Amino acid sequence: MSNPVLYRYLALGAALFAVGLVGFLTRRNMIMIFLSTEIMFQGIAINLIAFSCYHQNAAGQSFVIFLLTIAAAEASLALGLVVMLFRRRETLNVDAWSDMQG
Amino acid sequence: MNINLQGLCPEIIMLSAAALVLLVGLCPRDGVRRSSQWIAAISLVLAFIAAWNLGPIGDGRHWTLWPLATYDSLLASGIGLLTVLASWDMPFLDDPAQSDKAYRGEFFAMLLCSLAGLSMMAKVNDLIWLFLALELVSIPTYIMVAAGRGNAAAQEAGVKYFFLGALSAAIYLFGFSYLYGFAGSTRFTAIAAAFHSALAGGHLPYVALIGLLMVVIGISYKIAAVPLHYYAPDVYQGAATPVTAFLSFTPKAAGFFALIIVFNLTGWKLSGPGAPGHVLPDLLMVLAVLTMFIGNVLALLQRNIKRLLAYSSIANSGYMLVGLAVGPVRPAGSAINGLSATLFYLGAYSLMTVGAFAALIYLQGKTDAAEDLDDIAGVAGEHPLAAASMAVCLFSLIGMPGTVGFLGKLFIIQAALAANHPLLAVLVVINAAIAAAYYLRIVAAMYLRDAWTPFTVRRSLAPPFAAALATVLVIFFGIFPAQLFQQSSASGQVVPTAVISHKPAPVPLAAARPPAYPQ
């Protein structure tokens with residue numbers, strides 16, 4: 001596994017994943033937090049496709065199709081949740097949703 | 001192409017029932033809607049029978065069927081049935097008057113989908129399948145938490161559970177992508193062969209190590225273990241109590257099966273002096289110890305029973321992680337190994353914790369279940385049977401002899417000692433002693449204190465029946481553990497050889513296929 005082209009794509013995938021992770025931990029708005037996880041998923045997709053091309057089989061690319069489907073299901077769920085929460089408190093700041101502690 | 005679907009019988013039954021419940025639960029006629037619990041319960045009984053009758057069949061290509069898969073399906077349908085009984089009143093939870101408009105039968109469809117994912121878990125033989133099974137377990141539980149009851153606490157719990165769940169999914173998927181990159185295939189046989197040759201060569205590439213590490217961290221969320229454990233108390237408290245009972249069993253079992261399957265790919269040869277990648281079993285042990293201590297110590301501070309049981313669930317994950325870290329290596333003369341001890345404990349833990357939650361649901365407190373210690377103070381006088389079943393489940397969680405929880409802890413300690421980890425065994429014993437303090441506080445509140453508030457109990461027969469059934473099983477398996485022990489030890493024994501040596505895997509992949517993509 002010493003292909004410089006592969007490493008570039010892996011670095012891109014890891015960078016996207018890291019950007020998403022930092023966004024997840026620092027953002028306060030729920031929609032931004034959800035978009036951060038989406039960016040993480042895209043980083044994983046880039047990893048999978050890079051490995052798929054490197055190994056010259058299609059397993060990684062079919063994995064990506066399943067990944068996108070599940071990500072879409074989670075996106076619909078996230079939007080449903082966000083609408084539900086906004087109706088109750090008129091804000092999407094996560095700090096407004098921390099009643100339970102300890 | 002000869003696909004034998006017989007081995008998927010339990011999952012097919014559960015998913016068809018889920019589809020049926022979705023249809024029936026939305027029917028305009030009220031009498032029809034009310035049949036959804038019955039459909040769910042009957043389908044789980046059928047799935048249990050189907051799982052019981054599964055033999056060692058399978059062509060090894062499309063799915064593998066080993067004792068672990070049978071055990072998994074039995075747990076999913078059996079304990080799943082208990083959770084359905086415990087959540088029998090779920091559609092009326094917010095409305096004690098049982099208004100017909102409030103009836104929500106689709107809850108049971110979500111529950112069945114999640115159980116089907118759990119039952120699928122040990123049958124997968126491909127990373128993509130493993131990912132889909134894990135998500136099939138998780139996504140319905142997000143809906144169950146958020147929509148289970150209409151108050152703000154449930155919605156807060158739902159949003160916390162969902163966002164951290166998406167984060168954990170991203171983390172273990174990152175690990176999966178690296179495992180795929182390491183082996184060049186998503187097939188388990190190919191990945192196992194790649195690990196085998198890498199470990200035989202005495203060198204494990206970083207890509208495999210990082211992949212395994214990310215999988216462990218991501219799945220620690222599902223089992224509520226350190227480092228992703230902190231959501232558990234909030235989510236368990238906020239969710240409707242039947243959903244909490246479900247959460248304490250299904251995602252945790254799914255996570256442990258997934259971890260076993262992933263570590264199985266490495267052939268359990270990571271540990272040992274000088275082995276490449278021994279950092280992972282060491283890490284598992286550290287996580288196990290941290291999980292036990294954090295769960296037990298923080299549980300001491302709780303007054304809310306649901307929060308307390310959440311921390312207890314974290315601590316119990318720690319005990320099971322001890323077994324997993326010890327692994328299936330069985331020294332001569334020992335009847336038990338770490339893996340079968342973990343699997344036994346998983347069955348035992350599910351019984352006792354679901355039993356305890358079912359008793360809480362029966363003893364309906366101010367909200368949907370008895371939540372506060374004051375809610376159940378002195379309950380033994382008016383409802384001796386409910387108090388007794390709660391007490392038996394709690395004594396089992398402590399590990400009193402004569403209950404299944406005692407045997408579970410005993411096996412874990414035995415396995416740790418047999419594999420030459422005396423320190424781990426001592427730490428498990430210390431934690432069991434800490435845990436006794438907070439479980440006994442609940443028992444003391446029920447038996448020694450005077451009643452604080454007038455009690456209300458549910459009229460429905462199902463939750464007390466679930467509590468009674470779980471209690472009887474806790475005692476029965478505590479005295480006659482043979483059946484449960486046989487299942488779990490068979491699953492624990494076959495694991496190291498079945499998948500790995502079953503088939504010499506096709507590597508390298510680049511040579512096997514003509515190049516399909518331009519370089």
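Note that the coordinates shown come from a computational prediction; the quantities given were computed from them, not determined experimentally. So that the names make sense, note that chain A is the first sequence line, chain B the second, and so on, each numbered from 1.
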Worksheet item: What pair of heavy atoms forms the shortest contact from A/H55 to B/G181, and how long is it?
Response: NE2-O, 2.6 Å
Item to complete: Check whether B/Y230 gets within reach of chain A through its side chain, its backbone, both or neither, counting any heavy atom under 4.5 Å.
Response: neither
Practice prompt. Answer with side chain, backbone, both or neither: which region of A/F63 has an atom nearer than 4.5 Å to a non-hydrogen atom of chain B?
Written response: both
Worksheet item: Who pairs with B/L132 by side-chain contact (heavy atoms from CB on, under 4.5 Å), at least two apart in sequence or on another chain?
Response: A/F66, A/I70, B/I128
Worksheet item: If you round to the nearest 0.5 Å, how far is CD1 of B/I139 from OG of A/S76?
Response: 8.0 Å
Worksheet item: Does B/Y231 OH have over 12 foreign heavy atoms under 6.0 Å away?
Response: yes
Fill in: Residues from residues 78-85 of chain A approaching chain B under 4.5 Å (heavy atoms)
A/A78, A/L81, A/M84, A/L85
Discussion item. Distance check, rounded to the nearest 0.5 Å: A/R89 atom CZ versus B/E156 atom CD?
Written reply: 7.0 Å
N/O donor-acceptor pairs under 3.5 Å from side chains in residues 162-172 of chain B, not counting sequence neighbours:
unit_1, atom_1, unit_2, atom_2, d
B/S168, OG, B/G165, O, 3.1
B/Y172, OH, B/E135, OE2, 2.6

Worksheet item: Can we call the ring centroids of B/F182 and A/F51 under 6.0 Å apart?
Response: no
Item to complete: Check whether A/F24 gets within reach of chain B through its side chain, its backbone, both or neither, counting any heavy atom under 4.5 Å.
Response: side chain
Worksheet item: Side-chain contact, heavy-atom cut-off 4.5 Å: A/S52 with B/Y180?
Response: yes
Fill in: Engaged part of A/L21 at the chain B interface, taking heavy atoms whose separation is under 4.5 Å
side chain
Worksheet item: Is there a donor-acceptor pair closer than 3.5 Å between any side-chain N or O of A/N47 and the backbone N or O of B/F174?
Response: no
Worksheet entry | Which of B/A152, B/A157, B/A147 touches chain A most, by non-hydrogen pairs under 4.5 Å | B/A152
Worksheet item: Do any of residues 37-46 of chain A have a heavy atom less than 4.5 Å from a heavy atom of chain B, and if so, which, in residue order?
Response: A/T37, A/M40, A/F41, A/I44
Discussion item. Surrounding CZ of A/R27 (heavy atoms of other residues, nucleotides or ligands, distance under 6.0 Å), is the total greater than 12?
Written reply: no
Worksheet item: Going from CG on A/L48 to OH on B/Y178, what distance comes out if it is rounded to the nearest 0.5 angstrom?
Response: 10.5 Å
